[in-house]
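Okay, structure first, notes after.
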Amino acid sequence: MSKLKADVSIIYSGIFSQWDNSSDELPRLLQATVHVPGLIDTEFGFITRIKKAKNQILTYCIYHPDIPDDDGNIRPPFEGEVFIKENDWRFYLGDCIWAPVNNKLGNWRMTLTLNGKIIADKTFKVYLPEE
């Protein structure tokens, strides 16, 4: 039995409406961009469309700029796994800016990995908007 190769595309990337992770609804794209203003509650990331990968495990990772935790230690990348539920499936990977903004500035890299191979990779630059 041959294994089908997954078909993956990033269909939207940029700034999104607020995402409710308890809902099946994906956030709505507000602006296509990789340049994200460092404003509290700004939601950004990407939506992928993944075909021919049902019942496989998708690994996601968000590499933050060097954001310290409450003890001053640099936070590790945010990682997790999700089960691919359908043969034609859409998945949102994103994050949101929280206070204080000054330590959220810089590059945020977001990746999706399937079977040990990166299948989606996007870097966003969070910047301090001019007042």
Spell out, yes or no, whether [X] and [Y] are grouped together once hydrophobic residues are joined by side-chain heavy atoms under 4.5 Å, including indirect joins.
X: L58; Y: L26; value: no
X: W89; Y: V8; value: yes
X: Y12; Y: L93; value: no

Which atom names give the shortest non-hydrogen contact between [X] and [Y], and what distance separates them?
X: G38; Y: I97; value: C-CG2, 4.4 Å
X: L29; Y: S13; value: CD1-O, 3.8 Å
X: A6; Y: A53; value: CB-CB, 3.9 Å
X: I47; Y: P27; value: CD1-O, 3.8 Å

TODO: State the CG-CG distance between D66 and L105, to the nearest 0.5 angstrom.
DONE: 12.5 Å
Open item on the list: Within the structure provided, determine whether C61 and T59 are in side-chain contact (heavy-atom separation under 4.5 Å).
Closed with: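 Counting from C-beta outward, C61 and T59 never come under 4.5 Å.
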- [ ] Report yes if some heavy atom in the side chain of L39 is under 4.5 Å from a heavy atom in the side chain of P129; otherwise report no.
- [x]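 Side chain of L39 against side chain of P129, heavy atoms only: contact under 4.5 Å found.
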Can you name the side-chain hydrogen bond (donor to acceptor under 3.5 Å, both in side chains) partners of [X], sequence neighbours left out?
X: D7; result: none
X: N103; result: none
X: N55; result: none

- [ ] Using the ring pair (Phe, Tyr, Trp, His ring centres under 6.0 Å) rule, pick out the option among F46, F44, Y92 that qualifies with F16.
- [x] Y92
Does the [X] side chain pair with the main chain of [Y], one donor and one acceptor, at a distance under 3.5 Å?
X: S23; Y: E25; result: yes
X: S17; Y: R28; result: yes
X: T33; Y: H35; result: yes
X: D69; Y: D71; result: yes

Open item on the list: Would I67 and I74 count as a side chain to side chain contact (heavy atoms under 4.5 Å, CB included) here? Give the steps.
Closed with: CA-CA 6 Å; I67 299 173; I74 301 301; over 6 Å; no
- [ ] I would like to know whether N87 and K51 meet side chain to side chain contact (heavy atoms under 4.5 Å, CB included); could you show each step before the answer?
- [x] CA-CA 5 Å; N87 271 326; K51 296 181 179 181; over 6 Å; no
Open item on the list: Show me the pairs that pass salt bridge (Lys or Arg N to Asp or Glu O under 4.0 Å) and involve residues 31-49, at least two apart or across chains.
Closed with: R49-D88
Open item on the list: Suppose the criterion is salt bridge (Lys or Arg N to Asp or Glu O under 4.0 Å): which pairs have a residue in residues 94-105, not counting sequence neighbours?
Closed with: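 Every pair satisfying salt bridge (Lys or Arg N to Asp or Glu O under 4.0 Å) with a residue in residues 94-105: there are none.
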- [ ] Name the orientation class of the two ring planes belonging to H64 and W108 (parallel below 30°, tilted from 30 to 60°, perpendicular beyond 60°).
- [x]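 The arrangement is perpendicular - the two ring planes meet at more than 60°.
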Task: Aromatic ring pairing F78/Y60, orientation class (parallel under 30°, perpendicular over 60°, tilted between) - done: tilted
TODO: Could I get the full list of salt bridge (Lys or Arg N to Asp or Glu O under 4.0 Å) partners for R109, not counting sequence neighbours?
DONE: D121
Open item on the list: With side chain to side chain contact (heavy atoms under 4.5 Å, CB included) as the criterion, how do I57 and V82 come out once you've worked through the C-alpha distance, each side chain's angles and the decisive distance to 0.1 Å?
Closed with: CA-CA 6 Å; I57 301 294; V82 65; over 6 Å; no
- [ ] Evaluate side chain to side chain contact (heavy atoms under 4.5 Å, CB included) for Q18 paired with C96, printing each intermediate quantity in order.
- [x] CA-CA 8 Å; Q18 288 296 307; C96 189; 4.1 Å; yes
